[in-house]
Structures are given as C-alpha cells and as structure tokens.
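The structure under discussion appears below in the form of structure tokens.
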Amino acid sequence: QVQLVESGGGLVQTGGSLRLSCAASGLTFSSYSMGWFRQAPGNERDLVGLISRSGGSTTYADSVKGRFTISRDNAKNTVYLQMDSLKPEDSAVYYCAASSAFSRLTSPSNYGYWGQGTQVTVSS
C-alpha cells in the first residue's frame, strides 16, 4: 500500500529554519507530482507549494515565496520542504501529498495520497 511519512517537524523560534522530509513507498514516485499543504486549527488545508514529477518546476503560495523551498530526490523517493525565516503564522500541521493529476494541482482534492502530518510550531 502507498505510504507517505513526514518527518522533521518541531518547535522553532521566529526566524529559524526547519527541513521537512516526506518518504514515499508503494508507488512509482517519479510518476507523481508532490505537494506540501498545511492546516492550522480552524483553518482549511492550504497549499504551501508543489513540485513536478521531474523536480524541474515548483509553485509556491505567495505567503511562503522566497522563504520556503521544495525539492525532491526521485532515487530516494523523498520530497523535502526547506523552511527558512519562519514566522509564527507558519505554525500548522504540515502534510505531504501525491497527485497523479496533470492540472489543478493547487487543489487538495486532486491529491490521492496523504501523509499523516507533522506539527510545526514557531514561537514568537
């Protein structure tokens, strides 16, 4: 079965950095676009960013542009989210997700596989 397992979350001070990893198994990783989403209490699950199958193209939410970087290693079946200059408003549960779709990749509904999430808390 398909598994996506996030790691790397935790507590960090404002301005700090964290690197999240998402290890995938049970699917042909290079055939899926990968997205990172986040959800804070009382909020919807929003796209943080996504990366194409080859890793050659990335898209980011305006709120994280210039601070977050998504990358992937298809040989290791892993996608990463490097988060720098963290702010308290970045606090949320972060999820990785896999999509076989070729359009509307900003919508959570187009992702068929999800990880369990990892908590990121940024203290002020």
Inset, instruction - Show your reasoning for whether side-chain contact (heavy atoms from CB on, under 4.5 Å) applies to Y111 and L105. - result: CA-CA 8 Å; Y111 288 77; L105 289 172; 3.7 Å; yes
Going hydrophobic residue to hydrophobic residue with side-chain gaps under 4.5 angstrom, can you get from [X] over to [Y]?
X   : Y   : value
V64 : M34 : yes
V12 : V93 : no
I51 : F37 : no
L47 : W36 : no
V5  : L20 : no

Legend entry - Whether S91 side chain and V122 backbone form a donor-acceptor pair below 3.5 Å: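 Judged by distance alone, yes, a pair lies under 3.5 Å.
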Legend entry - Backbone of A101 reached by a side-chain donor or acceptor of N110 within 3.5 Å: no
Inset, instruction - Hey, could you give me each pair passing disulfide bond (SG atoms under 2.5 Å apart) that has a residue in residues 21-99? Not counting sequence neighbours. - result: C22-C96
Inset, instruction - Any pair with a residue in residues 42-89 that passes disulfide bond (SG atoms under 2.5 Å apart), sequence neighbours left out, goes on the list, sorted by first then second residue, please. - result: none
Inset, instruction - Any pair with a residue in residues 112-124 that passes side-chain hydrogen bond (donor to acceptor under 3.5 Å, both in side chains), sequence neighbours left out, goes on the list, sorted by first then second residue, please. - result: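 Residue pairs passing side-chain hydrogen bond (donor to acceptor under 3.5 Å, both in side chains), neighbours aside: E6-Q116, Q119-T121.
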Identify every side-chain donor-acceptor pair in residues 75-83 under 3.5 Å, counting partners at least two apart or on other chains, and give the distances.
| from | atom 1 | to | atom 2 | distance (Å) |
| --- | --- | --- | --- | --- |
| T78 | OG1 | K76 | O | 2.8 |
| Q82 | NE2 | D84 | OD1 | 2.9 |

Inset, instruction - Determine, for F29 and R72, whether the Lys NZ or Arg CZ falls below 6.0 Å from the six-membered ring centre while staying within 45 degrees of the axis. - result: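 Verdict for F29: a cation-pi partner in R72.
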Inset, instruction - Give a yes-or-no answer on whether the side chains of R67 and S85 include a donor-acceptor pair shorter than 3.5 Å. - result: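 No, no side-chain donor-acceptor pair sits under 3.5 Å.
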Legend entry - Where I70 and Y60 come nearest, the two heavy atoms and their spacing: N-OH, 2.8 Å
Legend entry - Minimum heavy-atom distance between Y95 and G115, given as atom pair plus value: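 Nearest pair, atom of Y95 first, then G115: CD2-O, 3.6 Å.
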Inset, instruction - With sequence neighbours left out, write down each residue that passes side chain to side chain donor-acceptor pair (under 3.5 Å) with S107, or none if nothing qualifies. - result: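 Once residues adjacent in sequence are excluded, the partners of S107 under the side chain to side chain donor-acceptor pair (under 3.5 Å) criterion are S109.
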Inset, instruction - Taking side chain to side chain donor-acceptor pair (under 3.5 Å) as the test, write out the residues that go with R38, two or more places apart. - result: S63, D90, Y94
What distance separates [X] [atom1] from [Y] [atom2], expressed to the nearest 0.5 Å?
X   : Y   : atom1 : atom2 : result
L4  : S25 : CG    : OG    : 7.5 Å
R53 : S33 : CZ    : OG    : 4.0 Å
N74 : S54 : CG    : OG    : 8.0 Å

Inset, instruction - Kindly indicate, with the supporting measurements, whether the criterion side-chain contact (heavy atoms from CB on, under 4.5 Å) is fulfilled by V120 and L18. - result: CA-CA 9 Å; V120 171; L18 282 175; 3.9 Å; yes
